[in-house]
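Single-structure report; data block below.
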Amino acid sequence: PISDRGVMCAPDKVTTDGYDMQFGTNVLGTFFFTQLLLPALLRGVASSPDKHARVVSTASAYSYIGQMRFDTFKDGPARRKRNMEELYSQSKLGAILVAFELARRYGDQGIVSVALHPGILRTDMMTTAKGLRYRLLVSHVWYHVWPLSRSWNYRTLSCAHRPWAP
């Protein structure tokens, strides 16, 4: 499966369990969904020609500036001191850490887990971002001036089925 989820720069919202909305969606929700699929993935290894099942997680270049601040996962004063960009980058770093941990725990059983930055996509994810900088820069400018952004989208699909991606 391609593990893609998307909450970016969400307004100051939390999940029904009190987790930061971006962390809850981009990390916890995906982790839980992958756990539900894990028995089928492990069974699929046996029937796969190359004896592998792949999980491709989309992350973001924002993960490079992310820091895991455990006191900001749930709502509270520490979380409210952080801006949406910091919470987003933390959630994308968390998604990568989950992908790496899946590879570490299940790699010897044929599960291939990779994380990648899919490129800058032109979506409406930035409609809740505050400030012209985010809406223009990410949603429109980078998409048009950074030619790699469109070609990187191919990586997401190729990692899901290429034999060179074990």
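Remember, predicted model here, so these are calculated numbers, not experimental data.
Residues Val98 and Thr34 fail the side-chain proximity criterion, which asks for heavy atoms closer than 4.5 Å. Put simply, the side chain of Tyr88 does not reach to within 4.5 Å of the side chain of Glu85, judged on heavy atoms. Proximity of Arg43 to Ser47: side-chain heavy atoms (C-beta onward) are nowhere separated by under 4.5 Å. Under the 4.5 Å side-chain criterion, counting only non-hydrogen atoms from C-beta, Gln109 is not in contact with Val45.
Under the 4.5 Å side-chain heavy-atom criterion for ILVMFWY residues, no single connected hydrophobic cluster contains both Leu42 and Leu36. Hydrophobic cluster membership is shared by Met68 and Val27, with clusters built from Ile, Leu, Val, Met, Phe, Trp and Tyr side chains linked at under 4.5 angstrom. Both Phe33 and Tyr106 belong to a single network of hydrophobic side chains, linked directly or stepwise wherever heavy atoms of I, L, V, M, F, W or Y lie under 4.5 Å apart.
Rounded to the nearest 0.5 Å, atoms CG (Leu97) and CZ (Phe31) are 12.5 Å apart. Here the CG atom belonging to Asn26 is positioned 11.5 Å from the CD1 atom belonging to Ile96, to the nearest 0.5 angstrom. Atom-to-atom distance recorded for Ser48:OG and Arg54:CZ is 6.5 Å, nearest 0.5 angstrom. Rounding to the nearest 0.5 angstrom, the gap separating the CD atom in Gln22 from the CD atom in Gln90 is 9.5 Å. The distance from the CG atom of Leu87 to the CZ atom of Arg69 is 10.0 Å, given to the nearest 0.5 Å.
Of the N and O atoms on the side chains of Thr15 and Asp17, not one donor lies less than 3.5 Å from an acceptor on the other residue.
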Please walk me through it: do Arg82 and Thr72 pass side-chain contact (heavy atoms from CB on, under 4.5 Å)? CA-CA 8 Å; Arg82 302 289 166 202; Thr72 63; 4.0 Å; yes

Let's go through Phe73 and Tyr19 carefully: what are the C-alpha distance in whole Å and the side-chain angles of both, what is the deciding distance for ring-ring contact (aromatic ring centres under 6.0 Å, His included) to 0.1 Å, and is it a yes or a no? CA-CA 6 Å; Phe73 293 173; Tyr19 287 95; 7.7 Å; no

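Between the side chain of Glu86 and the main chain of Asn83, a donor-acceptor pair closer than 3.5 Å is present. In this structure a side-chain-to-backbone donor-acceptor pair under 3.5 Å is present from Lys51 to Ala46.
A side chain to side chain donor-acceptor pair (under 3.5 Å) with Asp20 holds for exactly one of Arg79, Lys13, Lys74; it is Arg79.
Heavy-atom minimum distance, Ala99 versus Ser113: O-OG, 2.8 Å.
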